[in-house]
Structures are given as C-alpha cells and as structure tokens.
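Right, one structure below, let's go through it.
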Amino acid sequence: MKLLSLYFMLAFMGLLMAVIIDLLSGETFTASMRTIYDSFAATSIQESITMLVFISLPFVNTITSSIRNRSNKSIK
C-alpha cells in the first residue's frame, strides 16, 4: 500500500510541477489545465492502451504482494 501511495504522490507532483511552470510562464490556471487535458485527448487507441497498462502496474504489484503476504501468513 505504501508503494501505491508513492506512485500517486509522484504522479501528483509531476502534474503539479507542470502546472506551476505554466503559471510561472504567465499562463492562467485554466489554460494550464486545458494544456494537460489536450495532451491526453490527442492520444491514439494504442497509446491509451499502453498508458492504461502502465497505470495498472502499481495496482497489480500491490494486489499480488498482498495476496502473497496473506498466503504466507495462512501457511505459517
């Protein structure tokens, strides 16, 4: 669970850094959000599938380690 929260924190910090750089360069907050939205809206189906796979990896890692820990506790 710690690893999953770390992934979310890093993603949030990356987006926050992009927004802050846009704000420092003189753009408005809504224009900065629109830039982020437009960058994801212009992706193709293959790119979207690839992003979904990589976004799901932390969840898969957390779920599998949780299942392994439960099975190890039940064996002992």
Side-chain angles (χ1 to χ4, degrees):
M1 201 62 171
K2 292 178 190 177
L3 186 63
L4 189 59
S5 61
L6 181 67
Y7 279 113
F8 279 121
M9 186 175 65
L10 287 173
F12 175 73
M13 287 173 54
L15 289 174
L16 183 67
M17 186 177 67
V19 169
I20 289 174
I21 289 171
D22 284 344
L23 291 174
L24 288 174
S25 66
E27 288 190 30
T28 63
F29 180 73
T30 54
S32 177
M33 288 291 122
R34 183 73 180 170
T35 303
I36 292 173
Y37 171 76
D38 288 342
S39 65
F40 287 112
T43 58
S44 68
I45 296 295
Q46 293 86 359
E47 291 169 338
S48 298
I49 291 171
T50 304
M51 285 191 298
L52 286 174
V53 167
F54 283 106
I55 288 171
S56 67
L57 286 177
F59 294 103
V60 171
N61 188 13
T62 303
I63 291 169
T64 55
S65 67
S66 173
I67 290 171
R68 269 191 250 134
N69 288 339
R70 286 184 185 173
S71 66
N72 286 341
K73 288 180 182 177
S74 66
I75 293 174
K76 291 180 180 179

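When reading the values below, keep in mind they use all heavy atoms of this one structure, side chains included, and skip hydrogens, waters and symmetry mates. Given the structure is predicted, the values throughout are model-derived calculations rather than measurements.
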- Item | Co-members of the apolar cluster containing Leu16 [side chain, <4.5 Å] | Phe12, Ile20, Leu24

- Query: Is it true that Leu6 and Met13 fall in one hydrophobic cluster, defined by side-chain heavy atoms closer than 4.5 Å?
  - Reply: yes

- Same apolar cluster (I L V M F W Y, side chains within < 4.5 Å links), Ile36/Leu23: yes

- Item | side-chain contact (heavy atoms from CB on, under 4.5 Å) partner of Thr64, the single match among Thr62, Ile67, Val60 | Val60

- Keeping the roles fixed (side chain from Ser48, backbone from Ser44), state whether a donor-acceptor pair exists under 3.5 Å. yes

- Query: Would you find a donor on one side and an acceptor on the other, under 3.5 Å apart, between the side chain of Thr50 and the backbone of Gln46?
  - Reply: yes

- Message: For Ser32 versus Ala18, what's the shortest heavy-atom pair and its separation?
- Response: OG-O, 4.4 Å

- Note on the structure: residues 35-53 vs salt bridge (charged side-chain N to carboxylate O under 4.0 Å, His left out), sequence neighbours excluded, gives Arg34-Asp38

- Under 4.5 Å between side-chain heavy atoms, hopping through other hydrophobics if needed: is there a path connecting Phe29 to Leu15? yes

- Query: So, for Ser25 and Asp22, which heavy atoms are closest and what is the spacing to 0.1 Å?
  - Reply: OG-O, 2.8 Å

- Rounded to the nearest 0.5 Å, how far does CE of Met33 lie from OG1 of Thr28? 10.0 Å

- Query: When clusters are formed by joining ILVMFWY residues with side-chain heavy atoms under 4.5 Å apart, either directly or through shared neighbours, do Val19 and Phe40 land in the same one?
  - Reply: yes

